[in-house]
Structure formats: structure tokens, C-alpha cells
K.L.:
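Here it is, the structure, as C-alpha cells.
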Number of protein chains: 2
Amino acid sequence: MSTVPVPDVPISAVERTTGLSKDTLRIWERRYGFPRPRRDAQGERRYPSDQVHKLQLIRRLLDRGLRPGQLVGAPLEELIARAAAEDAPAPAAAEDASPFETTLRLLGACDEAGLRAHLFLLLQRLGLQRFVLEFAAPMNARVGEAWSRGQLSISQEHLYSEQMQHQLRHWLGAIPPGIGQPTVLLTTLPGELHQLGLLMAHTCLGLEGARCVSLGLQTPAWDIVEAARQHGAQVVGLSFSAALRKKNALEMLQDLRARLPEAIEIWAGGALWDPLRRSILGVTFVPRLDALPRIVAEYRARAGVGTAAHG
Amino acid sequence: MSTVPVPDVPISAVERTTGLSKDTLRIWERRYGFPRPRRDAQGERRYPSDQVHKLQLIRRLLDRGLRPGQLVGAPLEELIARAAAEDAPAPAAAEDASPFETTLRLLGACDEAGLRAHLFLLLQRLGLQRFVLEFAAPMNARVGEAWSRGQLSISQEHLYSEQMQHQLRHWLGAIPPGIGQPTVLLTTLPGELHQLGLLMAHTCLGLEGARCVSLGLQTPAWDIVEAARQHGAQVVGLSFSAALRKKNALEMLQDLRARLPEAIEIWAGGALWDPLRRSILGVTFVPRLDALPRIVAEYRARAGVGTAAHG
DNA sequence: TCGACATATTTGTCCTAGACAAAAATTGAC
DNA sequence: GTCAATTTTTGTCTAGGACAAATATGTCGA
């Protein structure tokens, strides 16, 4: 219990905490009658915290594929029931002792030290490549599911991402700085917030002997073009997560393809690509991480270059 | 030269790449006559790329403290002249061989391998603590300056951040997982995009023997409260960069303070705090990283606990 | 010359309410 | 069942007006 009362929040704060745009919040109010914020002295919207919580719950359900029309107007109890209903099916399956289940259990318990040790041992046991391909990639999907199902909180998902990043970056530093072919410039387009996909791709490409230069998240298209030139990259590697809006992602990708010299390839991987794969010429889609070795090999055959040792 | 013409971009894309809100873009157009986008078949704004570039230049000048009224209406040449005028004073000073100058030179040359080696050697020479306090902290400021002065591109700044992150995370993994006092939950508020500050704080606290749990970037206030409870944190450590809007930052911080149990302290550090330091009760401001040892010591004295060994 | 205070200007965010296209769901034909 | 055509749903965009917070300018006194 805090002594200071939690004040009703303005629309900008709700946009921040729920990820719903101001426009969306206003039009839901107009169409569905919810949320129904109070107004301050200037007539501006002030959202009570219970409405914000309900909006966050709605957001989670939306991410699971439900539609606003059925959710936004519904009473809170129904939302909670729906959330519970979707929680039921999955957790029944699978062996409890698998690395996946263990990870989820440690996350659920917020056991940071245990998680760190678990990931470390797993990496040592599998080796870096198998750790990434056979554990990290499916584990990411599991964590994402568990989060959207409400079984993990945002902070627990963050904890997972942070620990996994530590492991990957630690061992990534041990890969000899590439002098091989091709030179891949790794980054994401603006708006993308998920680092893990990029880091895993970096690891896989590094293990294939490619020379990787990573710019981290959110590089604007124009700067990608500049950087590709400056680093002498033959390939631009992009990572996408489900969080990126489809429409925006497509536009940005087309834009980048148009600005980048044709000789430089674009390899795009990550989530959310089923409807988009066909639509852009000159972009190689990486369906899964374990396709990267093949794609690198094909590139080398096409470009007439060998591995690091021969290039 | 690309065969596909670069398409004019919609307002949402301009918002993303320039950081100027849609409202701002529209009102500048109304007030200053710039930008002046074309309209598509539906009457929606389509910004040509040269206008977007000019907007990015304006944005950079705004960050240096100039005001929109003098910039937005001005012709491109004047903006470039102004940018050049502000570039003049700084680069004259300082020894060329200092680690700072060397880093900037390597960045300017986009020499990733050289940068990596330089940082590695520097870290080994100084040790982790001095590397963070005496090199990384001032270097960050230098890179930020150089960027806002237009001497470094976005991609070069990203490269710096990425390499520095590698070094810090690599050696952070070597610090024994803390069992000491206090337990600090490290994260940033939503909207924050800069990781380095958080990582440096993590390193400093780890070296003081505190038990650190990092959630990475952008944890909503409510989830911070939850996570602090679950991890048994005595302190929530927050990192702020200059990019975060002042008003939003203040509001979010007040909100968090109100929701968090009084027994849990908030330590806030980073840029942009001069005007805000006094305004929030119950928040300890960390003026610079090298103040952390003192703050930790004071905490221990106050709480009547020793270091890790005694706690 | 400098600081403190009152006034004026600048500037970003919020408001309303209407329009429309892309995405999703539904219907119909085969 | 599968594919195409239609309807509904849904988010983003538009316009100009309003206002308060941030910043600049002017005035006074030390």
C-alpha cells in the first residue's frame, strides 16, 4: 500500500503502457463505449488505472489472435474467462524434464541464478551451434507463446531475453572475427525491439565463417544503405519479430530494396512472414535459422567464392 | 542506381524515421509551410525523400538546442551552414592518440575489427572497473556529441554501442552471480532505447558486490513493481538517456514511485536530470557512475548490512 | 553586469468527427 | 472441401481549433 494515490493517467501514458495508439483508444471509445476515461479541467481524457489494466488484458488477448469487436465491449469477467480458456489446452503435453520445461519453470519462479546456470550448462553440453538451433530458437517461440497466454509476465520475458543475450554475446565474442565470405551487415528496421533473433542469426552466420557486422536494432533504411557501402557488405541481414506491424514492415522492406544497390542481397528472417514471402523481388527469405548454412553455401556457389580460408 | 524508383513515404514512416510525431509534422506544415508533402489518390500525405532528409537534419539541430521557428522555415543551405557552424568549436582540442580519439577515428573509418581489438586491449589494460568509469562513461558522451554534430552517422553510433555492449556483457558474465546486498532490479522505463547506460550501471553494481537482476529495456511501471516483489529487490535501478522526453520521464517516474512499496528504493541515473533532480521524493539520483560505490555504501550503512560476505 | 520576476511568444499535444482501405470473416460456387 | 467474391471489421488518416507548458524577452533592483 502506497500513501500517494495513483493518479488517473493521460492518453499519452496509456499509449505508452498498452501499445495502443491514441487514435485507436479514441475510436474504441467512440465505437464500443470502452474505455470511458474521465475528463480533466481542460476536457482532456484521464484514464483510471482499472481501465488501463483492462486495456492491457485486452491487448494480450488481441496478441493471441482474438478480435477487438468481441473484446473491447465485453465485461471484465468475460475477458478473464476467455484468457483462462486459452490457457488450458497447451500445458498438458510434453515431458517435464526437457530443457524447455525446465527453462519455463525457472522463469516462472523468477530464479535468475538458476536460469543462468541452466543456460550455461545447456550451452556447454550442446555446443554453441546446437544450442542456438535446437534450443534457443524453439525456446523463444515457447516463451513468446507462454507470454501471450498470460503464463509469463513481461518482466519474466525480459529476464529470459536478457539472460539468453548474455550467453550468446559471451560466446559470440569467442568466434574469431570473420574474414570470410560473405560480409553480412546485420540489423533490424526501425520499430523492431527484439534483439534475440538478430543475435541468433549473428551466431549462426559467424559459425558458418561469414564476416558479420552487427548494428543492433532499428537502423533507418538510408543508414543501412550507407553502412553497407562503408563496410563493404555483400549481404544485408534483417531480423523481424511478430511485433512489427505487417504493413509497415512490407513498406520499409520494399523501400530498402529500392535504395540498396542490386548487387547487395537482402536476407530477411524471423516471424510473421507467411503472407509476405512472395511479395518482394530481390529478398531472400530465411524461413528458419537452420536454413542459414544452406543459404550461405548457395551464396558462395553463386558468387564463386569459397569459405573464409579460400576467400 | 536502383531500377525501382524510391517511393514517397507516408506520414507514419516519417514519424518513425525522424522521431517527430504526426501531430508535429502536420502543424509544422500548417505554420511554417514545411514539410510540404505531395498527396496520394486518397489525399494522404506522401513525403519525398529529400524532405525527409531535411527533417532529419532539423531534428539533429533541434537536439543541439536550436528552436523550430528558426529552422523549419529556413532553406536547406542555411541549415547546413548552421550545422557546420556548430561543428567548428570542438574538434580542435585534445591529444590525437588518446583512447577517445582513437575510438572516434576507428568509428569514423567503420573499422569494426580495429574497434573490437582497441576496446578489448583497453579493457585488459585498465581492468573492468576503470574501463567503465574512466573510459566508457566519457566515451559515450563523446560519441553522442559527435553524432549530434553530424560527425558520426546513426550506423556508426550503432556500431559503437554494439561493440561496447559485447565487451561489457562478456566480462559481466565473469562477475560471480551476486549473493550480496542490496538486490537491485535494473531496467528502464518504456520508451527508452539506450542499453549502454544500464549495462554500465549493472557492471558497477556487480563490482560492488550487489546482487543485480537486469530486465533489459522498457519495462512498464506495473511490471517493475511485480518483478521487484518476485525477485525480492530492495532497490530498483533505472537508467535514463537524453532521448526520453522530459515530461514523460517525470510522469512515469512519479507513477512508479507511487506504486512501489516505500521500503523499496529507486536509484535513477543517466542524462537529462538537471532540472528534475529535486522534484521527486523517494528517488535517489545517481549523478555519475562513480557515485555508485558511495551510494551502495550508504545503503549498507543505512540498512545495517555488510557486503556480500556478511549479508 | 548580473540575478529575479513579470509578460509575451513559441511550440507540441490534445480535441472532434468524418472518411476510407486493408485485413478478416462470411458467403457462394464449384 | 477449396477457391473467389462479398460484407464486416478495424486502424489510420484527414481538418482546423484550442490550450498549457516551455522558452524568450523586457523590466527592475543590487
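Sequence lines set the chain letters: A, B, ... in the order given, protein chains first and strands last, and positions in each chain run from 1.
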K.L.:
In chain order, what residues pass the side-chain hydrogen bond (donor to acceptor under 3.5 Å, both in side chains) check against B:Asp23, with sequence neighbours excluded?
P.N.:
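With neighbours one apart ignored, the set is empty.
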
K.L.:
May I have the distance from B:Asp40 (atom CG) to C:dA22 (atom C1'), rounded to whole angstrom?
P.N.:
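That distance rounds to 14 Å.
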
K.L.:
Could you tell me whether B:Arg257 and B:Glu262 make a salt bridge, using a distance below 4.0 angstrom between a side-chain N and a carboxylate O?
P.N.:
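No.
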
K.L.:
What is the separation between atom CG on B:Asp23 and atom P on D:dG17, rounded to the nearest whole Å?
P.N.:
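It is 15 Å, rounded to the nearest whole Å.
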
K.L.:
Measure CD1/A:Ile58 against C1'/D:dT10 and give the value in whole Å, please.
P.N.:
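Interatomic distance, CD1 of A:Ile58 to C1' of D:dT10: 14 Å.
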
K.L.:
Grab the CG-P distance between B:Leu61 and C:dT11 for me, whole Å please.
P.N.:
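Going from CG in B:Leu61 over to P in C:dT11 covers 14 Å.
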
K.L.:
Mind checking side-chain hydrogen bond (donor to acceptor under 3.5 Å, both in side chains) for A:Gln218 and listing every partner two or more places apart, or none if nothing turns up?
P.N.:
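Partners of A:Gln218 under the side-chain hydrogen bond (donor to acceptor under 3.5 Å, both in side chains) test: none.
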
K.L.:
For A:Ile27, check side-chain contact (heavy atoms from CB on, under 4.5 Å) against everything at least two apart and list the hits.
P.N.:
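Testing A:Ile27 for side-chain contact (heavy atoms from CB on, under 4.5 Å), a comparison that skips the adjacent residues, returns A:Arg30, A:Arg31.
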
K.L.:
Using a strict cut-off of less than 4.0 Å between a Lys/Arg side-chain nitrogen and an Asp/Glu carboxylate oxygen, indicate whether A:Lys54 and A:Glu78 qualify as a salt bridge.
P.N.:
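Salt bridge absent between A:Lys54 and A:Glu78.
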
K.L.:
Can you check the A:Leu55 CG to D:dG11 P distance for me, whole Å?
P.N.:
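Taking CG of A:Leu55 and P of D:dG11, I get 12 Å after rounding.
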
K.L.:
What pairs with A:Pro48 under side-chain contact (heavy atoms from CB on, under 4.5 Å), at least two apart in sequence or on another chain?
P.N.:
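Per chain and number, A:Pro48 pairs via side-chain contact (heavy atoms from CB on, under 4.5 Å) with A:Asp8, A:Arg38, A:Asp50, A:Gln51.
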
K.L.:
Contacts to DNA chain C from residues 26-33 of chain B, heavy-atom cutoff under 4.0 Å, which residues?
P.N.:
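Correct list: B:Ile27, B:Trp28, B:Arg31, B:Tyr32.
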
K.L.:
Heavy-atom nearest nucleotide on DNA chain D for A:Gln42 versus A:Pro68: which residue maps closer to 5'?
P.N.:
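Upstream on the strand: A:Pro68.
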
K.L.:
If you pin A:Glu15 and B:Gln70 to their nearest nucleotides in DNA chain C, which one's is more 5'?
P.N.:
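Final value for this comparison: B:Gln70.
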
K.L.:
Given that B:Arg67 and B:Ala13 both sit by DNA chain D, which one's nearest nucleotide is further toward the 5' end?
P.N.:
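By nearest-heavy-atom nucleotide position, the 5'-most residue is B:Ala13.
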
K.L.:
Of all the choices, D:dT14, C:dC14, C:dT13, which nucleotide is nearest to the side chain of B:Ile11 once you look at every atom?
P.N.:
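Given the options D:dT14, C:dC14, C:dT13, the side chain of B:Ile11 is closest to D:dT14.
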
K.L.:
Tell me every residue that passes side-chain contact (heavy atoms from CB on, under 4.5 Å) with B:Leu217, counting only those two or more places apart in sequence or in another chain.
P.N.:
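Scan of B:Leu217 (side-chain contact (heavy atoms from CB on, under 4.5 Å), adjacent residues dropped) gives B:Thr188, B:Gln195.
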
K.L.:
Starting at CG of B:Leu71 and ending at C1' of C:dT11, how long is that distance when rounded to a whole Å?
P.N.:
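After rounding, the gap between these two atoms is 13 Å.
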
K.L.:
If I take atom CD in residue A:Glu44 and atom P in nucleotide D:dA21, what distance separates them, rounded to the nearest angstrom?
P.N.:
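Interatomic distance, CD of A:Glu44 to P of D:dA21: 10 Å.
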
K.L.:
Report the residues that fulfil side-chain hydrogen bond (donor to acceptor under 3.5 Å, both in side chains) with B:Glu15, sequence neighbours left out, ordered by chain and then residue number.
P.N.:
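B:Glu15 satisfies side-chain hydrogen bond (donor to acceptor under 3.5 Å, both in side chains) with B:Lys22 once adjacent residues are dropped.
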
K.L.:
Could you list the residues that satisfy side-chain hydrogen bond (donor to acceptor under 3.5 Å, both in side chains) with A:Asp223, not counting sequence neighbours?
P.N.:
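With sequence neighbours excluded, A:Asp223 shows a side-chain hydrogen bond (donor to acceptor under 3.5 Å, both in side chains) to no residue whatsoever.
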
K.L.:
Within the pair B:Ser21 and C:dG12, is there a side-chain N or O less than 4.0 Å away from OP1 or OP2?
P.N.:
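For C:dG12, neither OP1 nor OP2 has a side-chain N or O of B:Ser21 closer than 4.0 Å.
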
K.L.:
Over the length of the helix from C:dT1-D:dA30 to C:dC30-D:dG1, how much do the five-pair end axes diverge, rounded to 10 degrees?
P.N.:
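Answer for the end axes of this duplex: 30°.
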
